[in-house]
Amino acid sequence: MQRSIDRLKSGEMEPFIILTAMFGGFIGVDAWFMFAVFALITVFFLYKTSRVLDEKYYWILYGVCLIMVYPNSFNTMRQMAAMSVLSYLLSTIIRSIINKQRADAVKITILSLFAISLHYSSIALLPVLI
């Protein structure tokens with residue numbers, strides 16, 4: 001427990017992975033729990049992205065994303081989970097621009113912070129979001 005807190009403080013690893021591991025340990029589950037959480041994040045946000053991009057044929061795009069992206073995510077699960085959140089975020093921003101609506105700043109902020117907590121490389125996209 002103390003080592004996890006030290007990792008959080010030092011920024012050695014992303015907060016979400018540490019908190020997920022701590023929670024998994026707290027409820028007494030094995031490593032499968034972390035893989036399941038990251039798989040659910042990836043699958044959920046890829047689904048949401050495909051629905052935003054094409055409401056009628058989203059299932060085709062979603063299927064292609066799963067075939068191309070999901071198998072790779074086992075090797076880079078944290079980065080893929082963060083990228084799937086960011087793809088959804090960017091697709092909703094683009095959709096709001098196309099529809100000439102204001103983007104929801106709270107949603108952008110929360111999802112950006114969530115993506116950063118999944119993988120620090122998400123910080124590179126912050127200038128684009130602004």
Side-chain angles (χ1 to χ4, degrees):
M1 176 72 129
Q2 184 59 41
R3 180 167 175 163
S4 296
I5 293 170
D6 291 340
R7 283 183 169 173
L8 276 171
K9 288 179 182 177
S10 71
E12 178 182 329
M13 290 184 76
E14 294 82 9
F16 190 82
I17 191 115
I18 295 170
L19 295 173
T20 303
M22 287 173 59
F23 181 72
F26 176 74
I27 61 173
V29 293
D30 293 330
W32 67 265
F33 177 74
M34 188 173 310
F35 288 104
V37 168
F38 276 88
L40 288 172
I41 291 168
T42 303
V43 167
F44 176 75
F45 281 104
L46 286 175
Y47 172 78
K48 296 287 283 180
T49 300
S50 61
R51 290 290 298 221
V52 168
L53 294 176
D54 191 339
E55 292 178 10
K56 187 173 182 182
Y57 297 109
Y58 70 91
W59 57 274
I60 296 171
L61 180 59
Y62 183 59
V64 169
C65 284
L66 287 181
I67 290 169
M68 292 174 51
V69 173
Y70 193 71
N72 187 42
S73 71
F74 290 113
N75 294 327
T76 56
M77 69 178 181
R78 293 177 304 154
Q79 188 173 23
M80 292 308 299
M83 289 180 61
S84 65
V85 173
L86 291 173
S87 69
Y88 170 68
L89 183 57
L90 285 173
S91 66
T92 58
I93 291 170
I94 291 167
R95 177 60 57 106
S96 68
I97 292 169
I98 290 170
N99 293 335
K100 297 181 181 172
Q101 298 171 338
R102 262 188 94 126
D104 185 358
V106 173
K107 181 179 183 178
I108 292 170
T109 303
I110 290 171
L111 287 176
S112 296
L113 291 173
F114 181 52
I116 291 167
S117 76
L118 290 166
H119 199 277
Y120 288 140
S121 65
S122 303
I123 293 171
L125 196 61
L126 289 181
V128 173
L129 296 176
I130 294 171

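Since we're looking at a predicted model, the values are computed, not measured.
To the nearest 0.5 angstrom, Leu61 atom CG is 9.5 Å from Leu66 atom CG. In this structure, the separation between OG on Ser112 and CD1 on Ile123 is 11.0 Å, given to the nearest 0.5 Å. The OG atom of Ser117 lies 10.5 Å from the CD1 atom of Ile18; values are rounded to the nearest 0.5 Å. With values rounded to the nearest 0.5 angstrom, Leu126 atom CG is found 11.5 Å from Ile108 atom CD1. For the atom pair Ser84 OG and Ile41 CD1, the distance stands at 7.5 Å (nearest 0.5 Å). To the nearest 0.5 Å, atom CG of residue Leu89 and atom CD1 of residue Ile94 are 10.0 Å apart.
Of the possible polar contacts, none joining the Tyr120 side chain to the Glu12 backbone as a donor-acceptor pair under 3.5 Å is found. Counting only distance, with no hydrogens or angles, the side chain of Arg95 and the backbone of Val52 share a donor-acceptor pair below 3.5 Å.
When all heavy atoms of Ala115 and Ala82 are compared, the pair lying nearest together is O-CB, 3.6 Å. For the pair Arg78 and Ile17, the tightest heavy-atom approach, listed with the atom from each and the gap, is CD-CD1, 3.2 Å. Heavy atoms only, all atoms of each residue included: Val37 and Phe16 are closest at CG1-CE2, 3.8 Å.
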* Can Asp104 and Thr92 be said to form a side-chain contact (heavy atoms from CB on, under 4.5 Å), step by step? -> CA-CA 9 Å; Asp104 185 358; Thr92 58; over 6 Å; no
* side-chain contact (heavy atoms from CB on, under 4.5 Å) assessment of Phe23 paired with Val29 -> CA-CA 9 Å; Phe23 181 72; Val29 293; over 6 Å; no
* To do: Please report the C-alpha distance between Ser50 and Leu46 in whole Å, then the side-chain angles of each, then the deciding distance to 0.1 Å, and finally whether the side-chain contact (heavy atoms from CB on, under 4.5 Å) criterion is met.
  => CA-CA 6 Å; Ser50 61; Leu46 286 175; over 6 Å; no
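Between Tyr58 and Tyr47, the ring-plane angle classifies as perpendicular under the 30° and 60° cut-offs. Ring geometry, Phe114 versus Phe45: the interplanar angle falls from 30° to 60°, so the pair is classed tilted.
Cluster annotation: Phe26 is connected to Trp32 through the hydrophobic network of ILVMFWY side chains, with a link wherever side-chain heavy atoms come within less than 4.5 Å. When the side chains of ILVMFWY residues are joined at heavy-atom separations under 4.5 Å, either directly or via intervening members, Ile93 and Ile116 end up in a single hydrophobic cluster. At a threshold of 4.5 Å between side-chain heavy atoms, the hydrophobic network of Ile, Leu, Val, Met, Phe, Trp and Tyr places Phe38 and Leu19 in one connected group. No chain of hydrophobic side-chain contacts below 4.5 Å, direct or via other Ile, Leu, Val, Met, Phe, Trp or Tyr residues, connects Ile67 to Met83. Cluster membership for Leu111 and Leu40, using ILVMFWY side-chain heavy atoms within less than 4.5 angstrom, is not shared.
Contacts of Ser121 classified as side chain to side chain donor-acceptor pair (under 3.5 Å), with partners at least two apart in sequence or in another chain: His119.
The environment of Glu55 atom CD is sparse: at most 12 non-hydrogen atoms of other residues, nucleotides or ligands sit within 6.0 angstrom.
Aromatic ring centroids of Tyr88 and Phe44 lie 6.0 Å or more apart.
A heavy-atom distance below 4.5 Å is found between the side chains of Val128 and Leu90.
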